There are 2 protein chains.
Amino acid sequence: MTLAEDTARPARREQILDAAAGLFATHGYHGVGIDDIGAAVGISGPALYRHFRSKDAMLSEMLTAISDRLWAGGQQRRAAEDPLRELIAFHVDFALDNPALIVVQERNLAHLTESDRKRVRAQQRRYVELWVEAIRATIPETGELTARAAAHAVFGLINSTPHSRLLGRGRMAELLTAMALGAIESLAAGD
Amino acid sequence: MTLAEDTARPARREQILDAAAGLFATHGYHGVGIDDIGAAVGISGPALYRHFRSKDAMLSEMLTAISDRLWAGGQQRRAAEDPLRELIAFHVDFALDNPALIVVQERNLAHLTESDRKRVRAQQRRYVELWVEAIRATIPETGELTARAAAHAVFGLINSTPHSRLLGRGRMAELLTAMALGAIESLAAGD
DNA sequence: CAGTCAGGTTAGCTGCTGTTAACAACGCGC
DNA sequence: GCGCGTTGTTAACAGCAGCTAACCTGACTG
């Protein structure tokens, strides 16, 4: 059944990736065995090789998907009236909705192969450039390097949410958004 | 020679821990072999067991040392005139001077044994409490949970420096300090 | 000068983990 | 109903990494 195949096949893969992301986030890439991932989706170990070439391939697909989603989302907000505010809201939402992915992306880039790492890095760079653009549009006197460093700092700020998660989604989003804005606005005074 | 022993023995251990920290930070705990660590200090593999009970023990000692240093440093600034500013400066300095330690601490808590992890967590909590205190003294209308979440967010902001490192130590310190302050000051407006 | 001990070395074991092989069952098109 | 592709299963393999054992050496100490 072509319909069933087109939807069911990928669904299985995504189910596996979701489970793997959760496990990777809590135990680290090397701390998770192939059997653990299998067990998490109700099948046993080697069956995963029907869906992925290798364990590395899972991580690779996971990380490229994340960087693609971030860039696509950012790209989409580029033309908004207040791009910076939109980018912040977008990133905050992503971090709150996908804490595991945030953690995995932060920690496991090094475990990718050279070529995959390059691909992910390139996409991340593009995403950062969207932020640099938005920051410099908002605080014009900001230098490019400063804006880039500031963007990374704001990522760190927002991406901290998987480690705290104290306030419930709504108030957490408000807090992070306000703090991110406050941090960036401080660039105006400094220089 | 007692003098030589008192200084040389620990020096070796610290040399090993330094090397291990750097390796762990770049390749991840499981990505580094005992032989790699040995090679990094000019001895070969199993010789490390003259200095540490196990590879886990190295990580354990590393992480407890970090949390102890942070808490001690924070504690020392508690009575300052402007504790928040002092805490920020302290943490920024620590992060800029010890990027590898920051990364290792962020990523490898999960690889500790139950008891070691508890010890580190407890010390981290105490450190956070210093920040909560300082934040609420500066922005009195801040709730405790909000302050805690804000503290974590600022850690994320400052701890981002190992991943960017674009501006050179002095300007980086300025930037992070300003952004951290700006982020915290935004708490006043929000509530 | 003899003995001890800290701090190395290399060889080897053991357990774990990613991966593959060989086989089974189920659903579907012809 | 027959074959075949998909998606499982379990058993086994291979390689690696942490750790131990056995041995060596050089510097102090009595």
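Keep in mind that what you see is a predicted model, and the values were worked out from it rather than measured. Sequence lines set the chain letters: A, B, ... in the order given, protein chains first and strands last, and positions in each chain run from 1.
- Among pairs with a residue in residues 90-110 of chain A, those fulfilling salt bridge (charged side-chain N to carboxylate O under 4.0 Å, His left out) read A/Asp93-A/Arg169, A/Asp97-A/Arg169, at least two apart in sequence or across chains.
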Can you check nucleotides 22-25 of chain C for protein contacts, nitrogen or oxygen pairs under 3.5 Å, and list what you find?
none

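- Looking at A/Arg69, its side chain never comes within 3.5 Å of a backbone N or O of A/Phe94 through a donor-acceptor pair.
- Contacts between residues 29-49 of chain B and DNA chain D, defined by a heavy-atom separation below 4.0 Å, involve B/Val32, B/Gly33, B/Ile34, B/Pro46, B/Tyr49, listed by number.
- Every residue meeting the side-chain contact (heavy atoms from CB on, under 4.5 Å) condition with B/Arg119, not counting sequence neighbours, appears here in chain and number order: B/Thr64, B/Asp68.
- A 4.5 Å side-chain heavy-atom check between A/Met58 and A/Leu48 finds at least one atom pair inside the cut-off.
- Judged as a salt bridge (charged side-chain N to carboxylate O under 4.0 Å, His left out), and not counting sequence neighbours, A/Arg121 has no contacts.
- The separation between A/Arg13 atom CZ and D/dG8 atom P is 13 Å, rounded to whole Å.
- Every residue was checked against the side-chain hydrogen bond (donor to acceptor under 3.5 Å, both in side chains) condition with B/Arg77, not counting sequence neighbours, and none meets it.
- Figure legend: B/Arg13 and B/Phe52 shown as a cation-pi pair, the cationic atom lying under 6.0 angstrom from the six-membered ring centre and within 45 degrees of its axis.
- With sequence neighbours excluded, the residues that form a salt bridge (charged side-chain N to carboxylate O under 4.0 Å, His left out) with B/Glu133 are B/Arg78.
- The stretch residues 20-27 of chain A has no heavy atom under 4.0 Å from DNA chain C, so no residue of it qualifies as close.
- Per the geometry, CG belonging to A/Asp56 stands 16 Å off P belonging to C/dT17, to the nearest Å.
- B/Arg53 places its CZ atom 17 Å from the P atom of D/dG18, with the value rounded to the nearest Å.
- A salt bridge is defined here as a Lys NZ or Arg NE, NH1 or NH2 lying under 4.0 Å from an Asp or Glu carboxylate O, and A/Glu129 with A/Arg126 fails to meet this definition.
- Regarding A/His51, its NE2 atom lies at a distance of 15 Å from the P atom of C/dT19, rounded to whole Å.
- Across its full length, the helix from C/dC1-D/dG30 to C/dC30-D/dG1 shows an angle of 0° between the axes of its 5 terminal pairs at either end, rounded to 10 degrees.
- Side-chain contact between B/Leu157 and A/Met179 is absent, with no heavy atoms from C-beta onward closer than 4.5 Å.
- Sorted by first and then second residue, the side chain to side chain donor-acceptor pair (under 3.5 Å) pairs involving residues 24-42 of chain B (not counting sequence neighbours) are B/Tyr29-B/Asp56.
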Contacts table for residues 80-92 of chain A: side-chain donor-acceptor under 3.5 angstrom, sequence neighbours left out:
from    : atom 1 : to      : atom 2 : distance (Å)
A/Asp82 : OD1    : A/Arg85 : N      : 3.4
A/Asp82 : OD2    : A/Arg85 : NE     : 3.3

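- Every residue meeting the side-chain contact (heavy atoms from CB on, under 4.5 Å) condition with B/Ala47, not counting sequence neighbours, appears here in chain and number order: B/Ile43.
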